[in-house]
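I have placed the structure first, in the form of structure tokens, so that the comments after it can refer back to it.
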Amino acid sequence: MKKLYVFIGPPGCGKGTQAGFLKKEKHFNSYSGGEILRAEVAKGTAIGKKADSYLQKGLLVPSEMILGFMLKRLASSKKPVVFDGYPRLLDQAETLDKYLVGKKIDATAILFDLPDAEVLERITGRRTCEKCGAIYHLKFNPPKKKNVCDKCGGKLFQRNDAKVSVVKNRLKVYHTQTEPVVGFYKKNKNYKFYKISSLGSIEKTRKQLLSAVGL
Ligand code: AMP
């Protein structure tokens with residue numbers, strides 16, 4: 001039976017980091033809605049052009065823009081799959097639910113919980129290298145030289161969606177639009193549901209995750 005893990009949580013809760021860990025160390029496949037969309041923007045595709053303004057403002061893109069990408073990847077994967085940040089809207093959870101009917105897929109939802117104040121500190125401190133994309137944090141993972149990438153010497157910048165006003169907006173979107181998805185998985189008996197605290201170290205969160213996925 002194929003396994004699907006749906007990661008839910010506010011921006012900055014570390015679900016992407018944990019998904020990356022499962023991919024690298026445990027050979028899962030991990031697919032992030034945000035990464036797929038940013039790649040489309042970079043390639044300049046029709047979907048990327050439409051998605052760009054939503055991403056810049058921290059708004060969720062319309063569900064049909066992302067659904068096909070996610071389901072195609074789930075269908076073709078031979079390994080356990082992590083959906084990092086999908087579903088984020090109730091209609092996405094319901095569509096995925098319908099898709100799973102009759103498929104041999106065992107689905108688990110995992111909520112990475114983090115208070116708003118912590119989200120703000122984590123995200124607004126993020127800096128990205130404009131050349132190689134490496135990510136730093138002014139407080140938790142600063143570069144050796146201010147505003148310069150340790151890896152390639154590129155200049156660091158603050159992504160638009162890391163700015164205070166945008167993060168506040170993303171939090172609002174999370175509470176109003178994504179929290180109903182949490183309720184959906186809590187109630188629905190077809191899914192296992194785990195809540196993990198993302199406070200504290202990456203390692204502490206990872207231990208809870210490994211126990212939730214039974215590794
Ligand atoms: P992330 O990298 O997960 O923080 O996502 C960045 C942005 O991509 C979000 O602010 C949304 O604009 C978009 N996005 C990612 N996943 C979804 C989704 N499941 N539904 C709609 N929009 C999404």
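Residues Tyr31 and Arg73 are in side-chain contact: their nearest non-hydrogen atoms beyond the backbone lie under 4.5 Å apart. In this structure the side chain of Tyr191 reaches within 4.5 angstrom of the side chain of Leu100, judged on heavy atoms. A 4.5 Å side-chain heavy-atom check between Pro143 and Val148 finds every atom pair outside the cut-off. No side-chain heavy atom of Tyr5 sits less than 4.5 Å from a side-chain heavy atom of Val81. Under the 4.5 Å side-chain criterion, counting only non-hydrogen atoms from C-beta, Arg126 is in contact with Ile135. Between Thr108 and Val213, every side-chain heavy-atom pair lies at or beyond the 4.5 Å cut-off.
Of the inter-residue distances, the one linking Glu179 atom CD with Leu90 atom CG reads 12.5 Å to the nearest 0.5 angstrom. One finds the OH atom of Tyr86 at 4.0 Å from the CG atom of Leu67 (value rounded to the nearest 0.5 Å). Of the inter-residue distances, the one linking Ile8 atom CD1 with Phe193 atom CZ reads 6.5 Å to the nearest 0.5 angstrom. The distance from the CZ atom of Arg127 to the SG atom of Cys149 is 14.0 Å, given to the nearest 0.5 Å.
Other residues, nucleotides and ligands contribute more than 12 heavy atoms inside 6.0 Å of the NZ atom of Lys2.
No hydrogens or angles considered: nothing links the side chains of Gln177 and Arg88 as a donor-acceptor pair under 3.5 Å. Looking at Asp113 and Ser197, their side chains never bring a donor and an acceptor atom within 3.5 Å of each other. With 3.5 Å as the limit, one finds no donor-acceptor pair spanning the side chains of Ser30 and Asp84.
The pair Glu94-Lys98 fails the salt-bridge criterion, with no side-chain N (NZ, NE, NH1 or NH2) lying under 4.0 Å from an Asp/Glu carboxylate O. The pair Lys43-Glu40 meets the salt-bridge criterion, since a charged nitrogen lies less than 4.0 angstrom from a carboxylate oxygen.
A cation-pi contact, defined as under 6.0 Å to the ring centre and within 45° of the axis, is absent between Lys192 and Tyr194. For the pair Arg122 and Phe140, the cation-pi test (distance below 6.0 Å, angle within 45°) is failed.
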